[in-house]
Every structure is written in C-alpha cells, then in structure tokens.
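Have a look at the structure below before the remarks.
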Amino acid sequence: MIFGYSFGDLGSILAMQGFAGLILFSVYVLMALGLAVIFGQMGVINMAHGEFMILGAYVTYLCSHLFTAYLPGLFAIYFFVAVLLAFAAAFALGLLVEWAMIRHLYRRPLDTLLATWGLSLVLQQLYRSIFGAREVGVELPDWMMGSQHLTDTIEVPINGLLVMGLTTIITIGVFLLIYRSNWGKRIRAVMQNRTMAAAVGIDTEFVDRVTFGVGCGIAGVAGSAFTMIGSTSPTAGQLYIVDTFLVVVFGGAASLLGTIASAFSISQTQSTIEFFLSGSMAKVLTLLAVVGILMLRPQGLFVLKVRR
Amino acid sequence: MTARFFLRPQDLLFILVMALLILVVLPMSLDIFRLNLVGKYLTYAFVALGLVLCWGDAGILSLGQGIFFGLGGYCMAMFLELEGSTPEATKIQSTPGIPDFMDWNQITELPWFWKPFHSFIFTLFAIPLVPMALAFVIGLAMFKRRVGGTYFAIITQAFAAILTILIIGQQGYTGGVNGITDLRTLLGWDIRPDHAKLVLYFVNAGLLLACIVFAYWVRASKLGRILVAMRDREDRVRFSGYDVANFKIFVFCLAAGLAAIGGAMFTLQVGFMSPYFVGIVPSIDLVILCAVGGRNSVLGAVYGALLVNWARTTFSEDMPQLWLFAMGGLFIAVVMFFPGGLAGLYRDHLEPALGRLFGGRAPTPPGSPETVTSMVEQPR
C-alpha cells in the first residue's frame with residue numbers, strides 16, 4: 001500500500017498516467033519538431049512558433065465547419081484533409097515571414113527573437129479579430145470519439161491514439177527528410193558551413209526559406225492535432241512556447257533524437273508528478289528540474305560532436 | 001593623471017532636460033491621476049536602465065527582468081501587507097495577525113519567509129538583495145559555463161514562467177493570481193490619498209535620476225568599457241586576462257537590482273503587486289521599452305519607457321483592438337529598421353542637423369573621435 005492505493009490500482013494508475021503522459025509527449029514532440037528544425041538546424045529563435053501552431057488549429061476548425069456545411073458525407077475523413085491544409089497554410093505563412101523578416105536578421109539572433117515576438121502579437125490580434133476572443137473547439141467524427149478498454153481498469157482514448165499515430169508519422173518524415181534525403185543533406189550543409197555550401201553550388205537562401213517554411217508547417221500540423229485534445233484560443237500558442245523551447249534546448253538543439261528523448265522525459269515526469277501533487281507544482285518541479293539540469297549541462301542531453 | 005569628471009557637459013545638459021521634464025513640466029501639466037500613471041511608467045524605466053547596461057552594453061539579453069521587478073515589488077508588498085495585518089485590524093479572521101488571503105486558505109501561522117518582513121530596515125535591504133541573489137545564482141550557473149545569447153534568453157524566460165506558476169499555485173503563501181492587494185500604509189503613513197501619491201512620485205523621480213547618474217558613471221568607468229569590449233569581441237577580452245563571466249554576472253545582478261527598485265516603487269505607487277508582472281509577456285514588454293528608446297542610451301531608455309507606456313494607455317483607452325497590432329508592429333519596426341531606437345535616430349539625424357545649425361561646421365560621421373571633441377567644445 002502506497003498513498004492508500006493497492007498495487008493493482010497503482011499499476012492501473014501508472015499505466016493511465018503513463019498514457020496521459022504519452023499524449024502530452026506526442027504534442028510536445030509535434031511542437032518541438034518544428035522548432036527543432038528552425039532553432040536546432042537554423043539557429044533562429046521563432047517566438048511566433050505557437051501562433052503558427054494556432055494557425056493550424058484554426059484551419060482545422062474552419063475545415064470542420066466547411067465539411068459539415070458542404071460535404072457532410074465526407075465528414076468522417078475531414079481531419080486528414082485538415083492536417084494537409086494546416087501544413088500548407090503554415091508553410092506558406094512561414095515562407096512569407098522568412099522572406100519579409102527573418103532573412104534580414106540571420107546575423108542578429110537576439111533581434112530575431114524580438115521581431116518574431118512582435119509577429120506573434122500581431123498574429124494573436126489577427127486571430128482575435130477574425131475568430132473572436134473565445135475558445136473554439138472542433139467537431140470530431142464519431143469514430144474518433146470514445147475510448148478503447150484494454151482491461152477493466154485501464155482505458156485509452158481514441159483521439160489520443162490518433163495524435164500518437166500522427167506524431168509517429170511526422171517524426172519519421174522529418175527524420176527521413178533531414179538525415180536521408182538530398183534536401184536534408186543540403187540543409188545540414190548550409191547550417192554547418194554556409195560559405196562552403198554556397199561555394200559548392202547550393203542556393204543557401206532558398207534552403208533557408210524552405211527549411212523555415214517546413215518548420216512552420218510542422219507547427220501547423222501540431223496545431224491541427226492539438227484540436228483533438230483541447231480547444232483553441234488566440235493566445236493558446238503563447239502558453240506552450242516556453243515549454244517547447246525548453247524541450248528543444250534540453251534535448252540538445254541540433255539533435256532530433258535528443259528532442260524526442262527530452263520531450264519524453266519532461267512529459268512523463270510532469271504527468272506522473274501531476275497525479276500526486278497539484279498540476280501547478282508538477283509543472284514547477286518539472287521545469288525546475290529541466291533548468292537545473294541545463295545549468296549543469298548547458299549543451300543539452302544529446303550533443304553533436306563539432307568543433308567550435 | 002587626474003580622473004576626469006564622468007559626465008561630459010552635453011550629458012549633464014541632457015540629464016538636466018530630463019530632470020526638468022519629470023520634476024517640473026510633467027507635475028505642472030498633469031492632474032494627479034495622470035501623474036500617478038507617469039510615475040508607474042517611470043518605475044519601468046528603472047528596468048530599462050538595467051537593460052541598457054546589461055543588454056545594450058554587455059550584450060546579455062535577459063527576458064526575465066519581470067522576475068526581478070516582481071520580486072522587488074513583492075518584497076515591498078509583503079512589508080506593507082504585514083503592516084496592515086495587525087491583530088486589531090484582522091480580528092474577525094480565525095487567525096488574527098496574518099494577511100487575509102492566508103486566513104482564507106486555512107493557514108494558521110505566518111510562514112517563515114514572511115516573518116523578517118515585519119522589519120522595515122530588513123525590507124529595504126531585501127528589495128535589491130533578494131533579486132540580486134537570484135540573479136547571481138542564475139548568472140553564476142550560466143556565465144561560468146559560457147552560456148549566453150539566445151540560450152540565456154530562453155533560460156531566463158523559463159525562470160519567469162516557473163516563478164509565475166509558483167506564485168499563482170501557492171495561493172496561501174503568496175496571494176495567488178490576485179497578488180497582494182489593498183495596500184494602505186507605509187510606516188503609518190497613508191499611501192492612497194493624492195498628496196501621498198505626489199510625494200511618492202517625486203521620491204520615485206528622484207531615485208530614477210540618481211540611478212541615471214549612476215548608470216552614466218558605470219558606463220564611463222573602466223568597467224563600462226570592458227562590458228562593451230566583451231559584447232563586441234568576447235574572446236579578445238578573455239585573452240587579455242579578464243574573467244568575462246564575473247563581469248557578466250556583475251552587470252546582470254546590477255540590472256536585477258535596478259529592476260527591483262522599480263518594482264518596489266511600483267508597489268508603493270499603485271498599491272498592489274500581482275504575479276502578472278513576473279511573467280513572460282511583461283518581461284519581454286520591458287525589453288521593448290529599452291529597444292524603442294535606444295538600447296545604447298541611458299536617457300533613451302527612460303524616454304522609451306514613457307512613450308511606449310503612454311501609447312499603450314492611450315491606445316487601450318480608445319481602441320484596444322489596435323494596441324496589439326501597434327505593439328507588434330513596433331517590435332518589428334524597431335528591430336528591422338531602426339535598431340538604435342529613438343536615441344539612434346537622434347544621434348544619426350537630429351544631432352548632425354543641430355550641429356549644422358549651431359556649429360556651422362560640416363558634421364563628421366558619428367562615432368569618430370573628432371565628433372566627440374567637437375561636441376564637447378560646442379558652444380551653447
């Protein structure tokens with residue numbers, strides 16, 4: 001008996017909390033992946049990352065309404081269309097932002113941070129003007145609702161499973177893109193040595209722009225997935241931005257594996273503590289642990305061995 | 001070699017203009033409500049001053065200045081709250097003698113970290129020292145390991161998030177999301193009526209002017225030059241035998257201390273302190289004050305604090321929906337088109353024009369040694 005629970009109960013609690021942690025983990029990974037591409041690979045701090053995510057969420061919200069109104073027969077699969085559209089919208093906005101703002105500031109990382117914060121304020125107000133200040137939720141098709149009973153005491157929600165599936169697909173996609181494709185080779189070449197990459201004929205400006213766009217696009221997909229487990233409001237993105245940055249920094253900025261490992265440890269720690277203490281204390285303890293470890297090991301968990 | 005006075009004549013003139021503005025012009029032209037608002041803006045100017053030293057000179061961008069502002073404010077608020085919570089004043093509570101929000105949260109004894117705040121002397125020392133101690137710990141851990149730039153910015157931001165969540169979560173000990181409110185007296189003196197606000201305004205303005213002169217002194221000293229050298233060529237300073245980390249820790253603590261003074265004055269003038277001021281959003285807002293005014297100009301930062309906050313008040317009174325657009329646009333415009341801020345605009349455009357007008361000499365490019373001497377000797 002621990003804390004008044006029997007071991008059977010405790011096992012179920014651990015499994016359920018573990019699963020809740022896995023969903024949190026998936027959302028963290030989705031958000032952090034886009035950031036890992038932009039911050040980890042390009043070294044650009046994009047404080048508007050959360051707003052790109054919310055863009056994806058609003059696109060999904062619009063989709064659900066459009067399908068209800070015009071294509072009710074296809075409503076069951078609207079979510080997949082929404083994910084693609086969310087990616088496209090965030091990707092396009094990302095390209096625009098890179099062209100208009102980011103490319104002028106590559107040499108001044110701290111200024112990029114401030115400028116993108118300004119962008120995030122503008123986007124927030126834009127969402128508020130268009131969609132209103134209140135939170136909106138999407139309608140889910142019937143098959144995505146409900147939960148799957150594994151045993152008598154353990155059940156898992158289906159939308160959680162979907163989020164995890166989506167995360168897995170995106171993660172594998174990003175991994176293939178960066179480490180296995182020619183395109184990824186170019187991205188890494190530009191990031192490691194811009195001058196030499198340009199000298200061997202890589203269009204570095206184009207690579208920068210598309211990389212930024214892809215990072216934003218992934219944020220859009222994260223936002224789309226986010227609508228399945230929470231509601232969307234104009235300022236929701238801001239709530240997650242610090243967490244997401246910490247996930248990426250904690251994992252070691254340039255390492256995808258590190259990002260995933262750190263998202264896993266942070267989310268599991270938080271959801272486990274959450275059960276025994278209050279939610280806010282869980283968050284405080286988790287963040288303190290992360291910051292504490294970062295102070296001892298500022299380069300993060302996983303480091304690329306490069307000479308600086 | 002005799003030490004030269006650290007203020008050049010033109011610096012002295014600018015400081016006098018500033019003093020005239022905040023000590024004479026504003027108090028004479030504004031009613032007490034508006035003056036109290038200006039006093040509030042000026043408390044942010046303390047933070048902006050610290051950021052000029054820390055960010056503009058030393059190149060360390062801290063996105064957590066709200067932490068120090070808030071801690072300073074909370075120290076002051078804790079003292080005022082305890083003064084108001086005498087056993088007689090709180091005798092209807094189930095535990096008299098403790099702040100009302102503690103009583104609502106079923107706390108029956110004053111927590112240990114509240115106890116020293118019965119003493120005014122302790123509070124006066126705690127206001128700068130508590131935030132500086134935290135800044136020292138953060139700085140020690142980060143700068144000794146050569147963490148800087150964007151990483152440092154993110155970590156300070158994480159601290160702001162942690163502290164906000166902590167304060168909101170521990171409602172019984174901190175007053176929670178409402179903060180510490182309804183503060184009335186300072187050492188028996190009522191801080192709420194108009195004449196008290198007037199006195200506090202002048203105390204605040206006087207303190208600010210003292211801090212401005214102090215910032216000028218720091219920047220003119222050898223320390224100030226090392227800071228700038230560190231920002232521009234950190235390696236060379238290190239190779240010259242200076243311990244870069246110690247200088248960074250020092251200036252970060254200094255900025256924290258300045259922010260804390262601002263926070264304490266804020267509590268006194270506004271009468272409450274809430275976790276909102278500790279958070280991420282206000283912390284970044286404080287940076288923009290400094291950026292708009294000019295990150296390399298002490299007085300520019302003060303003007304920035306006044307202007308941006310005045311604009312914020314005006315906008316949110318008349319067209320609140322436009323304010324975030326304006327604020328966001330301001331961020332982007334300052335960074336992309338005039339990184340020197342208002343002071344930079346003045347230095348690049350107005351000053352050469354004035355020079356032509358009064359000096360009758362062709363202006364030399366700003367920053368060259370000749371400009372400096374010609375400005376010093378300029379007759380006025």
Side-chain angles (χ1 to χ4, degrees), chain A residues 39 43-45 47-48 100-102 104-105 108-126 128-129 133 234-235 238-239 241-246 248-250 253 277-288 290-292 294-300 308, chain B residues 55 59-63 137-138 140-171 176 279-281 284-285 287-288 290-291 295 320-337 339:
Chain A
F39 178 52
V44 169
I45 298 232
M47 294 299 284
M101 239 166 77
I102 310 284
H104 304 290
L105 300 170
R108 299 186 280 157
L110 290 178
D111 285 358
T112 320
L113 194 159
L114 294 179
T116 48
W117 177 261
L119 177 70
S120 84
L121 294 182
V122 171
L123 287 177
Q124 273 174 31
Q125 187 56 44
L126 209 61
R128 198 171 290 137
S129 309
T235 48
Q238 217 167 45
L239 300 176
I241 188 74
V242 171
D243 293 9
T244 320
F245 267 114
L246 274 187
V248 176
V249 173
F250 186 52
L277 294 169
S278 67
S280 69
M281 276 319 278
K283 186 109 198 214
V284 167
L285 288 178
T286 315
L287 289 181
L288 269 183
V290 168
V291 170
L294 275 179
M295 284 187 164
L296 299 174
R297 197 181 155 77
Q299 66 275 49
R308 290 184 196 279
Chain B
W55 177 39
I60 307 163
L61 177 57
S62 157
L63 295 183
V137 173
I138 298 177
L140 193 68
M142 306 307 289
F143 297 132
K144 283 287 181 193
R145 286 168 190 275
R146 300 191 185 175
V147 175
T150 47
Y151 269 73
F152 183 75
I154 291 174
I155 300 285
T156 49
Q157 207 175 29
F159 270 105
I162 293 172
L163 200 60
T164 318
I165 301 171
L166 193 65
I167 292 177
I168 294 177
Q170 298 301 306
Q171 198 172 0
I280 294 167
V281 179
I284 300 187
D285 282 355
V287 172
I288 201 65
C290 175
R295 65 186 79 163
Q321 67 279 18
L322 276 183
W323 167 241
L324 275 183
F325 282 132
M327 186 79 172
L330 195 63
F331 265 96
I332 298 172
V334 161
V335 166
M336 296 197 59
F337 305 116

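The sequence lines fix the lettering, A, B, ..., with proteins before strands; numbering per chain opens at 1.
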Spacing of B:Tyr151 atom OH and A:Phe245 atom CZ [to the nearest 0.5 Å]: 11.0 Å

Interchain contact, A:Leu114 with chain B, by part (heavy-atom threshold 4.5 Å): both

Toward chain B, the part of A:Leu294 with a non-hydrogen atom under 4.5 Å: side chain

Side chain, backbone, both or neither of B:Ile155 within contact of chain A (heavy atoms, under 4.5 Å): side chain

Validation row: A:Met47, B:Gln157 side chains within 4.5 angstrom (heavy atoms): yes

Closest approach of B:Ala158 to A:Val291 (non-hydrogen atoms, all atoms of both residues): CB-CG2, 4.0 Å

Closest contact, heavy atoms only, B:Phe331 versus A:Gly118: CB-CA, 3.4 Å

Side chain, backbone, both or neither of A:Ile241 within contact of chain B (heavy atoms, under 4.5 Å): neither

Leading residue by heavy atom contact count with chain A [cutoff under 4.5 Å; candidates B:Leu330, B:Ile154, B:Ile168, B:Leu163]: B:Ile154

Gap between atom CG of A:Leu288 and atom CD1 of B:Ile162 - 0.5 Å precision: 4.0 Å

Distance-minimising heavy-atom pair for B:Phe325 and A:Val122: CE2-O, 3.5 Å

Interchain contact, A:Ala100 with chain B, by part (heavy-atom threshold 4.5 Å): backbone

Spatial distance of atom CG (B:Leu324) from atom CG (A:Leu121) [nearest 0.5 Å]: 5.5 Å

B:Trp323 versus chain A, the contacting section by heavy-atom distance below 4.5 Å: neither

Most chain B-contacting option - heavy-atom pairs closer than 4.5 Å, from A:Val242, A:Leu110, A:Leu287: A:Leu110

Per-residue contact mode, B:Ile284 against chain A (heavy atom under 4.5 angstrom): side chain

Value rounded to 0.5 Å, distance of NE2 in A:His104 from CZ in B:Phe337: 7.5 Å

Part of A:Met281 within contact of chain B (heavy atom distance under 4.5 Å): side chain

B:Ala153, part contacting chain A, at a heavy-atom distance under 4.5 Å: side chain

Between A:Gln125, A:Met101, A:Arg128, the one whose heavy-atom pairs under 4.5 Å with chain B are most numerous: A:Gln125

Portion of B:Val281 that has a non-hydrogen atom of chain A nearer than 4.5 angstrom: both

